[in-house]
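The structure displayed is predicted, hence computed values, not measured ones.
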Amino acid sequence: MQIKLKDGSVKEYEGSKSIIEIAADLSEGLARVATAGMINGEMVDLRTVISDDCELQILTFADEEGKEAFRHTTSHIMAQAIKRLYPETKLAIGPSIADGFYYDMDRDEPFTTEDFDKIEAEMKKIVKEALPIERFTKPRNEAIAFMQEKGEPYKVELIEDLPEDAEISFYQQGEFVDLCAGPHLMNTKAVKAFKITSLAGAYWRGSEKNKMLTRFYGTAYPKKAELEEYLHMLEEAKRRDHRKVGRELGLFMMRDEGPGFPFFLPKGMVLRNTLLDYWREIHKRNGYVEVSTPIILNRKLWETSGHWDHYKDNMYTTMIDEEDFAVKPMNCPGGMLVYQSEPRSYRDLPLRVGELGLVHRHEKSGALHGLFRVRCFTQDDAHIFMMPEQIKDEIKKVVGLIDEVYSLFGFKYHVELSTRPEDSMGSDADWEIATEGLRGAMEELGMEYVVNEGDGAFYGPKIDFHLEDSIGRTWQCGTIQLDMQMPQRFELDYTGADGEKHRPIMIHRVAFGSIERFIGILIEHFAGAFPTWLAPVQVKVLPISDKYTEYAANVLAQLEKAGIRAEVDTRAEKIGYKIREAQMNKIPYMLVVGAKEEEEGLVAVRSRFAGDEGQKALDAFIEDIKSEIAGKIAREMKTEE
């Protein structure tokens, strides 16, 4: 048989071989670090025996799928440890997830975080025992009886939901057996570094009608250093949590009176409006016009757009004059009506229409999370209407605009091309044209990208931008969606150079995505220490004592006249206290004023970036900070805060 490997080379074998045997034949080192295999795109165990020609990828922890097998195995090691320590515990499910794994457990006496050390110690014993992990199968009826005998009702329920003719697979390591589809590692000894990170409640099968179980979250790595780096990132993420920082800096709040509906406070509004001013600046420069469309529109519009059929469960609806209306979850149908508002010619295209539109989406209460997952948010939408021959150029321009935005904030990013999902509308031919339009533009730009099969919007394929923040986390923000369906559904047209009517093609795109979510990301990216141009308060004037309050007020007036956002601290506190508090509030610049400063028209400059910067003439300071703000310069920190 011929085995085609990931690098394109082909290995020939006379008889059947397991994947782990092939890995060992290629390299003993590869066999040691292999975690699973991929046969013709399907993830399988290293134990899997290959008898026919195929394409084979041997996965390691460096591959996302390889991480899954590694961490899934760790979830079983944790479950085994818990069963050894607390045998009365009933097991539910324990999959791998992004950055780790979890396992849902049922025990009458509640678990606490104080149990973690004991469980981890038992896990270490299991790893040291180097237990071989073996797979076996049973027919459905035998599998049910097997789990009933072990007293695992949740496993029994899972098996009962499977078809009558299903072959049920189990994995065994030592005395521990678990119902599982796999794949898993060959042995427990490979799991060198792990940590139980938290506990949470989780309803069985996600239904509030079912019993609340205890969910253990954890993570695992092949090396201790990698685990320590991840745990440091978690601690840093806690320090930067936008909910905590936003509260401390007075940026926004959430209230029980409006779950999922954020309140922006005065300083948060300054930050938000500064972002929106920047948005308008770059869009005007790139040839966009701005519109605003209504928040509530009637059912007929949402049926025409396809949202009523594809998205209704996420929409808020109401009745007006005995007619169904919906609160908009997206801006695009209103954008269609804007296009229809007057006749269009090929000379008008491309037409780039931007909208900062407030949208509402029904999210489950358990999914809400600060500004990251809310029920109302402002999308920085734009809809570009164009002729087919303009597709590539317009996509390149949008990519350039999004790149400019992310570069300004210091974000690196990677790109995914998301293709047609199962729940979609339109012909295969339209989808092919749209997908190749996006692919072609990226290839002409020389952009690296990965294909995310089946994750496109229901009306078209898309390019998604995943940005990386200052502590290495990724966020999906910008997107470019090519749509040939909505112009058809709304019967949009333009008059071509030939005098005939033609149908435009349309791009949906966002740069920030959700303004609220982007602000949350910025808060965590900068840990609240925003660049001076973005900071709600750019300068704090600090008089040494009451005697210099008048001079401080004069300094404040000149700063405000120059358009600089400034405040003065006139409290009867020691100067050291005032400086520390300004630092805690992440103020970029502090101007300390006393006798010498008043006498010579100076200010003593302290900055968040370099500490004590010495005395300067006020006019010179104002010119320097104005230049920094106008250039949107992000000064480097001298030391980590």
Asks: Excluding sequence neighbours, so at least two apart, what forms side chain to side chain contact (heavy atoms under 4.5 Å, CB included) with His414?
Replies: Glu416, His466, Thr474

Asks: With Phe526, which residues qualify under ring pair (Phe, Tyr, Trp, His ring centres under 6.0 Å), at least two apart?
Replies: none

Asks: Which pairs, with at least one residue in residues 322-356 and sequence neighbours excluded, count as a ring-ring contact (aromatic ring centres under 6.0 Å, His included)?
Replies: Tyr339-Phe385

Asks: List for me each residue that meets ring pair (Phe, Tyr, Trp, His ring centres under 6.0 Å) alongside Tyr413, sequence neighbours excluded, and say none if there are none.
Replies: Tyr406, Phe465

Asks: Please list, chain by chain and in numerical order, all residues satisfying ring pair (Phe, Tyr, Trp, His ring centres under 6.0 Å) with Tyr288, sequence neighbours excluded.
Replies: His283

Asks: Residues two or more places apart in sequence or in another chain: which of them pass salt bridge (charged side-chain N to carboxylate O under 4.0 Å, His left out) with Arg503?
Replies: none

Asks: With sequence neighbours excluded, give me every salt bridge (charged side-chain N to carboxylate O under 4.0 Å, His left out) pair touching residues 466-481.
Replies: Asp469-Arg473, Arg473-Glu524

Asks: Does anything in residues 352-368 form a salt bridge (charged side-chain N to carboxylate O under 4.0 Å, His left out)? List the pairs, not counting sequence neighbours.
Replies: Lys328-Glu355, Arg352-Glu394, Glu363-Arg373

Asks: Going by side chain to side chain contact (heavy atoms under 4.5 Å, CB included), name the residues that satisfy it together with Arg347, two or more places apart in sequence or in a different chain.
Replies: Ser345

Asks: State which residues pass ring pair (Phe, Tyr, Trp, His ring centres under 6.0 Å) with Phe372; sequence neighbours excluded, sorted by chain then number.
Replies: His242, His369, Trp475

Asks: What salt bridge (charged side-chain N to carboxylate O under 4.0 Å, His left out) pairs are there with at least one residue in residues 300-309, not counting sequence neighbours?
Replies: Arg299-Glu303

Asks: Going by side chain to side chain contact (heavy atoms under 4.5 Å, CB included), name the residues that satisfy it together with Ser470, two or more places apart in sequence or in a different chain.
Replies: Arg240, His525

